[in-house]
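See below for the structure under consideration.
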Amino acid sequence: MKRFFHSLLAKYVLIIIIALFILYAAYLAIIIIFFNLMGDRDSSGGQEGYEEIEENWHQEASQITSKNDINPLFEEWQEVYPNASMFWVDGDGTLNLQSNLQENLPDEWDATYTAQFLKNHYDEDPFTVVAFVGEREEEGFIVFQLPRDMLKSDGQKLNDEYGWAIIILTIGVVILFIFLSLWFFRGIRKRLVRLEEAMEIRDTDGLPILIEEKKQDEIGDLEKSFNRMVQELRESREREQEEEQLRKELIANLSHDLRTPLTKINAQAYTLQKMDLPTEAKRSLKLTSASIEDVDKLIENLMSYTLLMASKYKKDLKEIDMARFLRQYLAAWYPVFEKEIFEVDIDIEAFEQNKWKIDPLWFSRILDNLLQNVLRHAADGKYIAVGTESTEQHDAIVVTDKGKGMKVDTEQKGAGIGLSIVDMMVKGMRLDWDMDSTEKGTTIKIIRMKRVEG
C-alpha cells in the first residue's frame with residue numbers, strides 16, 4: 001500500500017481529487033452566497049403569477065362602485081407592487097387617474113387608440129392587464145402594468161445577475177486542472193529526458209554513467225533498474241577483461257612452451273633424414289617435418305593474433321615503392337612455388353601513385369599468409385598469379401589461384417586465423433581488402449583508395 005502512495009498514479013489521482021474538491025467547494029460557496037442574498041431582499045410574499053394577478057385585478061375592478069374607490073385600489077396595489085404602473089381611462093375616453101406611470105399616454109383615448117394600445121401590449125413587457133370598472137362598461141377601464149422581471153423568483157434573478165460567476169468558476173477550475181496536469185507531466189518528461197541523456201552519455205570505459213535516484217515511483221524504479229544494469233555491465237566488462245588477459249597469457253605461454261619441443265622434434269627429424277633409411281621411412285620423415293613447420297606457423301599466427309588483439313604488435317609506417325617491394329618479395333617465394341610445380345604468373349606494373357604508406361614487416365606478413373593459404377588450400381590447382389590493378393577509385397594488389405576455394409575442406413587447417421590477421425593488419429594500415437572464393441578459384445585484392453584531389 002505504501003508503494004502505491006508513492007506511485008505516479010496516486011499523485012495524478014490526488015490532482016483530480018483536488019480539482020473536484022475546489023469545484024464543489026466553490027459551488028457550495030456560491031449557493032451559500034445566493035441564499036444570503038435572497039434572505040436580504042424584501043420579499044413581501046404578495047407577488048403572484050401572471051394568471052393570478054390578472055384574475056385578482058379583474059375581480060378588484062368589478063367591485064368598484066364609484067370613482068372614489070379607484071385611488072385606494074391603486075394605493076393598495078402600489079404597496080404590493082412598488083414598480084407597477086396603473087391608470088384609469090373613464091367612460092368619456094379621458095385619462096382621469098394614474099399612479100407611477102412609466103410611459104407617455106395621451107389624455108384623450110378613442111376606440112382606435114385603445115385597440116392599438118391593447119395590441120401593442122398583449123403578451124409583451126411590461127405585463128399588462130386591462131379590466132372594466134364596475135359592472136358597466138360606461139365607467140371606463142383600469143390598466144395594471146408590471147415589468148416582467150418583477151415576477152421572476154429571487155433564484156431566477158440571482159441567476160440572471162450572477163450566472164456568469166458559475167461559468168467563470170467552471171472555466172477557472174478547468175484551467176487549474178489543465179495547469180496542474182501540465183505541471184505533473186512536465187516533471188515526468190523532465191525526468192525521462194534526464195534518463196535518456198544519461199543513457200547516451202558514455203564514461204571513459206564506454207559504458208553509460210550512473211544516474212541519481214530521486215523519487216520512489218515508477219520512474220524511480222526505472223532509474224534503479226538502469227543503474228543496476230550499468231553496474232552489471234561494469235562487472236561483466238571487468239570479468240571479460242580479466243578473462244581476456246588470462247586467455248592472452250595462456251596463449252603466449254602455450255606458444256612459447258610448444259615451440260621448444262617442436263624445435264627439438266624438428267632437429268631429430270633432420271638428423272634422421274641424414275641417415276640411410278628406407279624410402280618409406282624418409283617419406284614419412286619428410287611429411288613429419290612439413291607438419292612441424294605448419295604447426296610452427298600456426299603458433300606464430302596465434303601469437304601475432306593475440307598481440308594484434310591487445311594492440312601490442314609494433315607498427316612502423318613508411319613510404320614504400322610498392323612495385324619494387326612486390327618484385328623483391330615475390331623473388332623469395334618463386335622457388336617455393338616452382339618446387340611444388342605451380343604455374344606462376346607475376347605481372348607487376350607501377351601504380352600512378354606508387355608510394356604506399358605501410359609497415360613492410362606487416363605487409364610481408366599479410367602476403368605470407370595469403371601465399372601460404374594458396375599452398376595449403378589451392379595446391380590441386382597448381383596455379384598462382386600476383387598482379388596489380390588500377391581503376392579511377394583505387395589501386396590494388398591481386399592474388400589469384402585456381403584451387404577449390406576457401407569454403408572447401410582440406411587436410412590443411414588454420415586459414416581462419418591467418419585471414420583474421422590479414423584483416424586486422426590491412427585495416428591497421430588504413431587499407432581495405434576483398435575476397436571472392438568459388439569452386440573454380442579464389443581472388444584476393446589488397447586495396448588502397450585513391451585520394452580525391454580538390
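Residues take their numbers from the sequence shown, with the count starting at 1. Since the structure is predicted, the reported quantities are computational estimates derived from the model, not experimental observations.
- Q116 and H121 form no side-chain donor-acceptor contact under 3.5 Å, judged by distance and modelled atom types alone.
- With respect to the salt-bridge test (charged N to carboxylate O, under 4.0 angstrom), the residues K450 and D395 qualify.
- A side-chain donor-acceptor contact under 3.5 Å links S284 to the backbone of E280.
- Under a cut-off of 6.0 angstrom, the local environment of CZ in R327 is crowded, with over 12 non-hydrogen atoms contributed by other residues, nucleotides or ligands.
- Interatomic distance, CZ of R448 versus CG of L431, reported as 8.5 Å (0.5 Å rounding).
- A donor-acceptor pair under 3.5 Å links the side-chain atoms of T388 to the main chain of E349, judged by distance alone.
- Put simply, the side chain of I447 reaches to within 4.5 Å of the side chain of D434, judged on heavy atoms.
- Under the 6.0 Å distance and 45° angle rule, R324 does not count as a cation-pi partner of Y329.
- By the 4.5 Å heavy-atom criterion applied to side chains, T442 and T400 are not counted as neighbours.
- The structure places CG of L371 at 7.0 Å from CG of L330, a figure rounded to the nearest 0.5 Å.
- With salt bridges taken as basic N to acidic carboxylate O contacts below 4.0 Å, none links E343 and K382.
- Residues P360 and D316 come closest through the heavy atom pair CD-O, 4.0 Å.
- Contact of the E103 side chain with the Q145 side chain is registered, since non-hydrogen atoms from C-beta on lie closer than 4.5 Å.
- Y122 has its side chain out of reach of V130: every pair of non-hydrogen atoms, C-beta onward, lies at least 4.5 Å apart.
- A323 and A350 make their closest contact through CB-CA, 3.9 Å (heavy atoms, listed as atom of the first residue, atom of the second, distance).
- Relative orientation of the W77 and W57 rings is perpendicular, given thresholds of 30° and 60° on the angle between their planes.
- Closest of all the heavy-atom pairs between M429 and D359 is SD-N, 3.3 Å.
- Within 6.0 Å of CD in E352 there are 12 or fewer heavy atoms belonging to other residues, nucleotides or ligands.
- Distance check, rounded to the nearest 0.5 Å: CZ of F127 to OH of Y81 gives 9.0 Å.
- The two atoms that bring A379 and L375 nearest to each other are CB-O, 3.4 Å, heavy atoms only.
- Between D321 and K355, the closest side-chain pair of non-hydrogen atoms falls below 4.5 Å.
- The side-chain contact (heavy atoms from CB on, under 4.5 Å) test with F363 singles out one residue from V426, I397, I320, and that residue is I397.
- Panel note: side chain S85, backbone N100; a donor-acceptor pair is recorded below 3.5 Å.
- One finds the CG atom of L222 at 12.0 Å from the NZ atom of K224 (value rounded to the nearest 0.5 Å).
- The backbone N or O of P126 lies less than 3.5 Å from a partner atom in the side chain of T128, making a donor-acceptor pair.
- Around the CD atom of E51, the shell of radius 6.0 Å holds no more than 12 heavy atoms that belong to other residues, nucleotides or ligands.
- When ring centroids are compared, F342 and Y383 stay outside the 6.0 Å threshold.
- Ring centers of F337 and W333: under 6.0 Å apart, within the cut-off.
- Ion pairing of R148 with D123 is present here, as a side-chain N (NZ or NE/NH1/NH2) and a carboxylate O approach within less than 4.0 Å.
- Within the 4.5 Å cutoff, no side-chain heavy atoms of I384 are placed close to those of D345.
- Distance CG/L419 to CE/M435: 5.5 Å, rounded to 0.5 Å.
- Shown here is F179, whose CZ atom has no more than 12 heavy atoms of other residues, nucleotides or ligands within 6.0 Å.
- If you look at W356 and F351, their ring centroids are closer than 6.0 Å.
- How far CG of N354 is from CD of E319: 11.0 Å, rounded to the nearest 0.5 Å.
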